[in-house]
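Take a look at the structure below.
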Amino acid sequence: EPDSLIVLNQVLQKSNRYIGNKAHNFSQLFKLSQSSNFKTPESAFGIPFSYYQSHVKSSGADVLINKLLLYQAHQTSVDSIKYLLKEIRNKIRFHTLNKGLVTQVTETAKKLGEYQKFRFRSSTNAEDMMGFSGAGLYTSKTGIINNMDQPIDEAIKKVWASLWSYSAFMEREYFGINQRSVYMGILVHLSLIHISEPTR
């Protein structure tokens with residue numbers, strides 16, 4: 001599994017296994033856009049599952065996830081499940097993000113066009129699937145490079161944490177998706193499609 005960011009300017013075979021279905025599908029759309037009359041958002045790249053997994057482990061959220069799944073197996077009360085889910089999200093959100101990831105995102109964005117404002121979108125292996133779209137379950141956030149009001153590290157962590165919202169967790173339970181094998185990648189691209197001025 002890759003431990004670096006993935007630029008999405010080509011079709012990546014089986015990349016859904018490490019950057020999620022949305023980012024994988026984006027790479028396919030990008031290729032189609034080259035010969036069709038539509039554009040995809042610029043400066044697109046993916047943050048693989050490996051970064052999410054490292055953060056979950058270093059934050060201690062993995063321990064709570066194991067506890068949650070044990071509780072769920074014993075049909076614990078809804079209130080207990082909601083409480084644990086909130087604690088998992090808090091662990092993910094309030095633990096310091098690896099500075100190396102922030103640096104990689106900043107450097108990749110710079111290489112792809114010097115833009116500052118990006119959209120960070122959920123790209124799990126539990127959405128955009130046959131028989132399970134997962135539409136609306138996970139969060140997308142805007143992050144601005146070197147901006148204290150909308151920092152990119154907060155955007156990343158909020159997207160990751162949304163994997164463990166109550167609605168997302170219960171929807172996966174309903175469809176029989178293995179909660180232990182669910183991971184969150186992130187599709188990153190320019191917040192708005194840049195339209196070049198026509199030449200005169």
Side-chain angles (χ1 to χ4, degrees), residues 1 3-6 18-23 45-72 76-109 116-128 134-173 177-189 191:
E1 185 174 309
D3 57 0
S4 60
L5 307 188
I6 310 295
Y18 54 86
I19 57 173
N21 296 327
K22 191 177 292 176
F45 55 95
I47 302 176
F49 297 155
S50 56
Y51 292 92
Y52 162 81
Q53 290 171 284
S54 294
H55 187 81
V56 165
K57 186 174 182 179
S58 64
S59 69
D62 59 336
V63 175
L64 293 179
I65 290 169
N66 288 333
K67 187 175 182 180
L68 168 70
L69 299 182
L70 183 63
Y71 275 24
Q72 179 68 356
T76 306
S77 71
V78 170
D79 286 343
S80 295
I81 291 170
K82 285 183 175 179
Y83 173 79
L84 272 174
L85 285 165
K86 184 177 180 180
E87 289 296 297
I88 291 166
R89 294 194 302 273
N90 286 342
K91 285 282 189 183
I92 294 171
R93 285 189 57 196
F94 298 118
H95 183 66
T96 302
L97 190 68
N98 184 300
K99 291 181 180 178
L101 176 55
V102 175
T103 299
Q104 283 194 62
V105 170
T106 302
E107 291 179 349
T108 301
Q116 299 293 310
K117 190 174 184 178
F118 288 84
R119 195 68 175 160
F120 293 79
R121 302 173 61 191
S122 65
S123 181
T124 73
N125 57 350
E127 63 183 316
D128 298 337
L137 290 183
Y138 311 114
T139 294
S140 295
K141 290 291 178 182
T142 297
I144 305 174
I145 292 173
N146 298 324
N147 183 287
M148 296 299 293
D149 294 325
Q150 288 183 281
I152 59 175
D153 61 329
E154 290 299 314
I156 290 169
K157 290 188 290 183
K158 286 178 181 178
V159 174
W160 282 344
S162 71
L163 189 65
W164 299 102
S165 72
Y166 179 73
S167 58
F169 180 78
M170 295 308 295
E171 190 81 357
R172 293 193 300 267
E173 281 291 302
I177 293 171
N178 182 355
Q179 305 279 6
R180 292 188 184 277
S181 63
V182 173
Y183 305 111
M184 176 71 82
I186 299 180
L187 165 62
V188 188
H189 57 65
S191 188

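This chain uses plain numbering: 1 for the first residue, then up along the sequence.
Between Ile144 and Asp149 the shortest side-chain heavy-atom distance does not fall below 4.5 Å. Using a 4.5 Å cut-off on side-chain heavy atoms (C-beta onward), Leu69 and Phe169 make contact. Between Tyr51 and Leu97, every side-chain heavy-atom pair lies at or beyond the 4.5 Å cut-off. The closest side-chain heavy-atom distance from Ile152 to Phe118 is not below 4.5 Å. Within the 4.5 Å cutoff, side-chain heavy atoms of Gln179 are placed close to those of Trp164. Using a 4.5 Å heavy-atom cutoff, the side chains of Glu154 and Lys141 are not in contact.
Nearest heavy-atom pair, Pro48 versus Ile6, reported as atom, atom and distance to 0.1 Å: CG-CG1, 4.1 Å. The minimum heavy-atom distance between Ala168 and Tyr138, with the atom names listed, is CB-CE2, 3.6 Å. For Tyr71 against Ser80, the heavy-atom pair with the smallest separation is CD2-CB, 4.4 Å. Here the shortest heavy-atom pairing between Phe120 and Ala155 reads CD1-CB, 3.8 Å. Of all the heavy atoms in Leu137 and Ser167, the pair that sits closest is CD2-O, 4.0 Å. Annotation for Val159 and Met184: closest pair O-CE, 3.2 Å, computed over non-hydrogen atoms.
Atoms OG1 and OH, on Thr124 and Tyr183 in that order, are 12.5 Å from each other to the nearest 0.5 Å. Here the OG1-CZ distance, from Thr142 to Arg121, works out to 11.0 Å after rounding to the nearest 0.5 Å. Note that the CD atom of Gln116 and the OG atom of Ser191 stand 12.5 Å from one another [nearest 0.5 Å]. Rounded to the nearest 0.5 Å, atoms CD1 (Ile186) and NZ (Lys157) are 11.5 Å apart. A distance of 9.0 Å separates CD1 of Ile88 from CG of Asn66, quoted to the nearest 0.5 Å. Taking CG of Leu101 as the reference point, atom CG of Asp153 lies at 9.0 Å (rounded to 0.5 Å).
Under a 3.5 Å cut-off, the side chain of Thr108 and the backbone N or O of Val105 do not form any donor-acceptor pair. Judged by distance alone, with hydrogens and angles left aside, the side-chain atoms of Lys22 form a donor-acceptor pair with the main-chain N or O of Ser122 at under 3.5 Å. The closest donor-acceptor contact from the side chain of Lys57 to the backbone of Asp62 lies at 3.5 Å or more, if one exists at all. Ser123 places a side-chain N or O within donor-acceptor distance of the main-chain N or O of Ala23, the cut-off being under 3.5 Å. The backbone N or O of Ser181 lies less than 3.5 Å from a partner atom in the side chain of Asn125, making a donor-acceptor pair. For the pair His55 (side chain) and Asn98 (backbone), a donor-acceptor distance under 3.5 Å is absent.
For residues 158-172, no residue pair satisfies the salt bridge (Lys or Arg N to Asp or Glu O under 4.0 Å) rule, not counting sequence neighbours.
Between Trp160 and Tyr52, the ring planes lie perpendicular to each other; the angle is over 60°, past the 30° to 60° tilted range.
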